[in-house]
Each structure stands twice: as structure tokens, then as C-alpha cells.
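Notes follow the structure.
Everything quoted here is computed from the prediction, not taken from an experiment.
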Protein chains: 2
Amino acid sequence: MHGITRCDMCQVRREGICAALDDDARAQLLQISRRRVLAAHNVIFRDGDEADHYFSITSGIVKLVKTLADGHQHIIGLVHQPGFMGQTLNRRHTYAAESATGVELCSYPRAPFDAFLKTHPELERQIFEMTVRELDVCRDWTLLLGRKCSYERVAGFLLMMARRMPKAEGQVSNTVHFELPFTRAEMADYLGLTLETVSRQFSRLKKKRIIALPSSRDIIIPDIELLSAVAQIESCSSAFDEGQSRAIA
Amino acid sequence: MHGITRCDMCQVRREGICAALDDDARAQLLQISRRRVLAAHNVIFRDGDEADHYFSITSGIVKLVKTLADGHQHIIGLVHQPGFMGQTLNRRHTYAAESATGVELCSYPRAPFDAFLKTHPELERQIFEMTVRELDVCRDWTLLLGRKCSYERVAGFLLMMARRMPKAEGQVSNTVHFELPFTRAEMADYLGLTLETVSRQFSRLKKKRIIALPSSRDIIIPDIELLSAVAQIESCSSAFDEGQSRAIA
DNA sequence: CGGCCAGTTGACGGACCTCAACTGTAGTGG
DNA sequence: CCACTACAGTTGAGGTCCGTCAACTGGCCG
């Protein structure tokens with residue numbers, strides 16, 4: 001009836017918000033959507049902008065950023081594909097969003113999307129569930145920021161990235177290999193550290209052979225279980241024992 | 001038809017989840033709800049428990065707590081009245097909930113509540129909005145934990161508490177007076193600090209006359225704007241200049 | 001009174017920040 | 001081809017904020 005739409009090519013049409021919709025509803029939503037393809041480091045919206053659009057991330061990673069008065073940035077969240085942004089009760093955004101990698105997204109003007117939501121409770125349900133998941137992730141992050149030392153934070157970050165990497169077919173090995181789409185400074189802004197500290201912890205992880213770094217963005221994790229153990233250490237000093245881990249007092 | 005129900009006495013029936021419901025629907029929901037009244041420091045659910053109930057907090061404050069392997073606790077969130085808990089996609093809770101103050105709540109078994117939700121999208125919408133708000137709060141908290149020094153964190157915490165205090169009738173002054181329902185250790189667990197550091201920052205705030213402490217739990221904030229300024233400082237060292245604040249380089 | 005707990009304060013050390021120098025890589029243009 | 005620049009990243013030296021350990025105070029209750 002509609003012929004081929006861009007939805008048919010979409011990587012995430014069986015995930016994300018569209019997973020909740022049947023073909024008809026998706027075609028209807030398509031009417032009010034606008035496709036955007038962004039290179040890395042482009043602004044999607046700014047802190048203080050009118051929150052007049054919703055966004056469905058179909059490819060890539062988006063940074064949610066607060067800029068402090070002294071110019072420092074803090075990344076309060078990452079939205080990976082398939083993701084959704086724009087749920088807020090405020091009239092204006094309280095943080096900025098920019099593409100961390102190349103990003104593809106569908107944007108929806110607020111008013112017609114809200115109207116569509118009213119007639120499609122299954123979509124609202126889906127967005128609700130995605131929001132609940134984000135809240136869980138955010139709460140876990142407060143634990144990392146509040147209670148972990150720099151070594152554990154960096155390990156935790158790499159672990160999160162590794163777990164989000166699509167597994168190769170029939171992948172069973174513990175080895176993960178991926179390219180980091182972030183600078184040391186960006187990771188620092190996310191981890192509540194400085195870029196120097198992040199770099200030092202990379203060096204430490206490398207020295208202990210928990211990761212290998214063919215180049216600075218090229219991460220090989222020989223054994224993800226090992227990395228996971230490092231990320232969960234709860235006594236900071238034990239991270240500094242070479243080899244044996246000390247019992248916790 | 002039903003005569004007087006306990007909902008008629010409820011402080012928050014015009015807020016929280018019940019605000020979304022008309023009298024009939026509320027009466028219906030009442031059928032599956034169970035009222036619980038808890039003193040401070042009682043467990044509502046434990047980390048790892050089956051997530052088989054939802055909870056609507058009608059009075060008091062609930063702590064969401066993760067216990068680490070070394071016995072330390074971290075408070076990942078507070079739920080104030082009117083609040084809602086239990087939205088999770090996991091079969092089991094990933095943190096514990098316990099009353100921080102005296103708490104009154106309505107609990108709803110998961111299955112019938114979910115069924116009720118299906119027929120009352122306005123309630124789902126309400127819970128969704130409350131979840132979005134919590135996500136916003138949680139993201140702001142990551143900024144505090146990731147980028148603020150102990151002085152700012154304690155100020156930020158007091159500011160949050162002060163803002164949640166119900167204003168007296170026609171209150172226009174900048175003065176706020178309330179009783180803290182937390183020990184220094186609990187605040188430390190929330191702020192990612194130690195109880196000693198929290199205590200030191202209380203002393204500092206007191207010495208600078210930003211707060212007054214008739215007793216250790218009795219907080220008087222003479223000028224909330226002043227406290228707000230302290231909480232938003234973005235250069236840590238400037239917090240230590242007595243009197244003048246240094247320009248940020 | 002004595003025990004217990006919350007809270008305060010001090011001394012000290014360590015993890016992380018700041019400042020700085022240096023390396024490596026990529027892009028530009030003579 | 002080789003400066004020259006620009007930027008990401010690494011590494012070191014030194015200072016400081018905060019955690020650890022400890023002693024002390026004050027209130028409460030049996």
C-alpha cells in the first residue's frame with residue numbers, strides 16, 4: 001500500500017519505540033517524523049532550548065551534556081541506539097544533546113506526537129519502559145560516581161561499552177574488541193574525573209593486561225570477566241596490589 | 001455509596017498517583033490496595049526480593065539503598081511523598097527500600113495493578129510522568145556526585161531538603177526551618193562522602209552563618225538564596241575563601 | 001553512674017587534581 | 001619532502017581534598 005518506506009531499512013525497527021507498533025501505526029507515525037543524519041559532534045538541542053521535539057535514536061550514541069559556569073562539561077547520560085529522548089515535563093531542556101558518534105535519528109514534533117500517543121497506549125508503554133530502564137542505569141551510575149575510585153570507574157565504563165557492542169555471530173569467547181568513540185576528556189566528563197586520571201587508569205589497565213591498546217581508541221578486552229571483576233572491586237587500595245587481591249577488612 | 005474511605009483522609013489524594021483518578025477509579029483501586037504504616041528504619045523490600053508489589057508513598061521519605069560487599073551502604077535515591085515505587089522491568093529488585101522517616105504507603109500486588117493500569121491509561125501516564133521527574137532528579141544528582149566538592153554537596157543536599165519542606169501559609173521570607181530526618185552517616189551514604197566529612201561541612205556552613213544548628217538535626221537556613229549560591233559554586237577552592245569569592249580563572 | 005550512640009574535631013596519608021613537559025599522529029602548505 | 005601547526009594522549013611533580021583512624025563530647029536510657 002505504501003510501497004517501501006525508510007522504516008523497512010531501519011536497523012532498529014524491531015527494537016526501540018517502533019517495536020511497539022504494527023505496520024499501520026508505524027506508517028502513520030512516519031508521516032510526522034523527520035529523518036536526520038548527523039556526523040559526530042553535532043548539536044541536537046541545546047541547554048535551555050524549547051523542548052518541542054522527541055527523538056528516536058536509530059543509530060549511534062548521543063551525549064547528554066551540562067556545561068558548568070567554568071566551562072567544564074559534565075556528561076549526565078549517554079543514549080545508545082535504540083533510544084528515545086525528549087521526555088521531559090519542563091518546557092525547556094535542562095541539558096544539551098549532541099552526537100558522540102555518527103547518529104541517525106527520527107525527530108517528531110511534540111504536539112502531533114503527543115496526540116499520537118493518546119491513541120496508541122502501547123507506544124506510551126514502550127517509552128515508559130525505556131524510561132524506567134534509563135532510571136535504573138542512572139541510579140547505578142550514582143553508585144559508580146559516589147563510591148568508586150578512578151580505576152574502577154574507568155573499568156566500569158569500558159565494561160558498559162563492551163556490553164553494548166553487538167556480539168559477532170555465535171560469539172562465545174570472552175574477548176571483545178571495539179573502537180572507542182570517545183576522547184579521554186569525554187570519558188573524564190562522564191566519569192567525574194580529569195582526562196589525565198583517565199589516561200593513567202588506561203595505562204594501568206594496559207600494564208596489568210586487563211586491556212590491550214593497539215592504538216589509543218582501539219580497545220581489546222582479552223577476558224571480559226577479568227574486567228568485570230576490576231569494575232566491582234569495593235576497596236580502592238586493593239586495586240593497587242599487583243597480582244593478589246587483599247581481603248577486605 | 002462506599003461511605004467514608006481512608007482515601008478521604010489521605011494527605012496526597014490530590015497529588016501522586018491518585019491525582020490521575022476519579023472517585024470511582026480510586027475506589028476500585030482501593031479494593032486491591034493494602035495500607036501500611038511504618039516507623040522509621042523499617043524495610044519495605046530487600047535487594048533481591050521479588051518485585052511483586054507497587055507502592056504509593058503517601059507520607060514520609062523512603063531510602064533506596066544498595067549494600068556493598070564491604071558493608072558500606074550507598075543511597076541511590078530518596079522517594080518523598082507523594083511518590084511511587086516498584087516500576088522495574090526486572091523480576092527482582094536491585095536495591096532495598098526502607099523508611100527513612102515514619103512512612104505511610106499503599107501497596108498494590110503487581111498483577112491486579114498491571115491489569116488496572118491497562119484499563120486506566122491516565123494512571124499509567126501519571127506514573128510515567130513521575131518516573132520522568134525522577135530521572136531528571138537522578139541526572140542532576142550525577143552532576144553533584146561527579147563534579148562537586150564536599151562543601152557544595154552538603155549545601156546541595158540541605159537545599160533539596162529545604163525546598164521539599166511544605167511552606168507555611170503565605171510564607172515569603174527566605175528563612176527555612178526544619179528537622180533533618182537523617183543521621184550524618186545517612187547523608188554521607190547519599191552524598192558519596194564519609195560521616196566525618198559531612199560533619200565538617202556542617203561545621204563550616206555553621207561557622208559561615210549559612211545555616212544555624214540549635215541541635216544537630218535542627219536546621220535553620222536564614223537565607224536560602226545564600227545556601228543556593230554555595231551549592232552552585234563550581235570552583236571548589238573558592239568555597240574556602242573566607243568572605244570574598246574569587247573570580248573563576 | 002555507666003553504656004551506648006550520634007556527632008565533632010584533630011592528625012595523617014593517599015587518591016586525585018593541577019600544571020607542565022613531552023610524544024605521536026594527522027593535516028597543511030611551502 | 002619537510003617544516004609547522006594542532007590536537008589527542010601520556011607521564012611526572014607537587015599540592016590538596018577527603019578518607020581513615022582515633023579521641024572526645026553530649027544526650028539518652030536503664
Side-chain angles (χ1 to χ4, degrees), chain A residues 40-41 68 70-74 100 144-155 179-189 191-207 211-219 233-241 246 248-249, chain B residues 40-41 68 70-74 100 144-155 179-189 191-207 211-219 233-241 246 248-249:
Chain A
H41 312 299
L68 309 180
D70 61 0
H72 279 127
Q73 295 202 322
H74 182 70
L144 180 140
L145 292 175
R147 287 286 168 227
K148 303 211 166 180
C149 68
S150 61
Y151 187 56
E152 299 161 357
R153 289 191 206 189
V154 171
E179 193 179 338
L180 254 191
F182 298 102
T183 64
R184 302 290 186 261
E186 285 177 310
M187 289 184 273
D189 288 342
L191 294 167
L193 299 169
T194 59
L195 67 93
E196 293 94 332
T197 299
V198 171
S199 178
R200 278 184 248 270
Q201 304 316 319
F202 265 87
S203 299
R204 188 195 299 278
L205 287 165
K206 183 177 164 188
K207 194 167 147 207
I211 63 172
L213 286 172
S215 78
S216 66
R217 302 289 192 92
D218 209 15
I219 311 287
I233 292 168
E234 267 140 20
S235 156
C236 210
S237 52
S238 68
F240 293 81
D241 298 345
R246 185 163 46 183
I248 293 159
Chain B
H41 312 299
L68 307 180
D70 61 359
H72 278 128
Q73 294 201 324
H74 182 71
L144 181 141
L145 293 175
R147 288 283 168 228
K148 303 211 168 182
C149 69
S150 61
Y151 186 57
E152 297 161 357
R153 290 191 206 189
V154 171
E179 195 178 338
L180 253 191
F182 298 103
T183 64
R184 302 290 186 259
E186 285 176 310
M187 289 184 272
D189 289 342
L191 294 167
L193 299 169
T194 59
L195 68 93
E196 293 93 334
T197 298
V198 171
S199 179
R200 277 185 250 271
Q201 303 317 318
F202 265 87
S203 299
R204 186 195 302 277
L205 287 165
K206 183 176 163 188
K207 195 168 145 205
I211 62 172
L213 287 171
S215 79
S216 66
R217 302 288 192 94
D218 210 15
I219 311 289
I233 291 169
E234 268 139 19
S235 156
C236 211
S237 51
S238 69
F240 291 82
D241 297 345
R246 185 165 43 186
I248 292 159

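Put simply, the side chain of B:Thr197 does not reach to within 4.5 Å of the side chain of B:Met187, judged on heavy atoms. Residues A:Leu180 and A:Phe202 have side chains in contact (heavy-atom distance under 4.5 Å, counting atoms from C-beta outward). The side-chain heavy atoms of B:Glu186 and B:Leu195, taken from C-beta on, include no pair separated by under 4.5 Å.
Between A:Lys206 and A:Leu213, the shortest heavy-atom distance links the atoms CD-CD1, 3.8 Å. Nearest heavy atoms, B:Arg217 versus B:Thr183: NH2-CG2, 3.2 Å. Residues B:Leu145 and B:Arg153 come closest through the heavy atom pair O-NH2, 3.1 Å.
Here the P atom of nucleotide D:dT11 and the CD atom of A:Gln201 are 12 Å apart, to the nearest Å. Rounded to whole Å, the distance from CZ on A:Arg204 to C1' on C:dG14 is 12 Å. What separates OH of B:Tyr151 from P of D:dT16 is a distance of 19 Å, to the nearest Å. As a whole-Å value, the separation of A:Arg147 CZ from C:dA15 C1' is 15 Å. Taking atom CD of A:Glu179 as the reference point, atom C1' of D:dA8 lies 14 Å away to the nearest angstrom. Remark: C1' of C:dA15 and NZ of A:Lys148 are 17 Å apart, rounded to the nearest angstrom. At whole-Å resolution of the value, CG in A:Leu180 and C1' in D:dG9 are 13 Å apart.
A:Arg200 contributes atom CZ, which lies 14.0 Å from atom CG of A:Leu205 (distance to the nearest 0.5 angstrom). Atom CD in B:Glu152 sits 8.5 Å away from atom CG in B:Leu144 (nearest 0.5 Å).
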* Structure fact -> Quick tally for nucleotides 6-11 of chain C: nucleotides whose base has a protein heavy atom under 4.0 Å get B, sugar-phosphate-only ones S, the rest -, giving SSBBBB
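With axes fitted over five pairs at each extremity, the angle between the ends of the helix from C:dC1-D:dG30 to C:dG30-D:dC1 is 20° (10° resolution).
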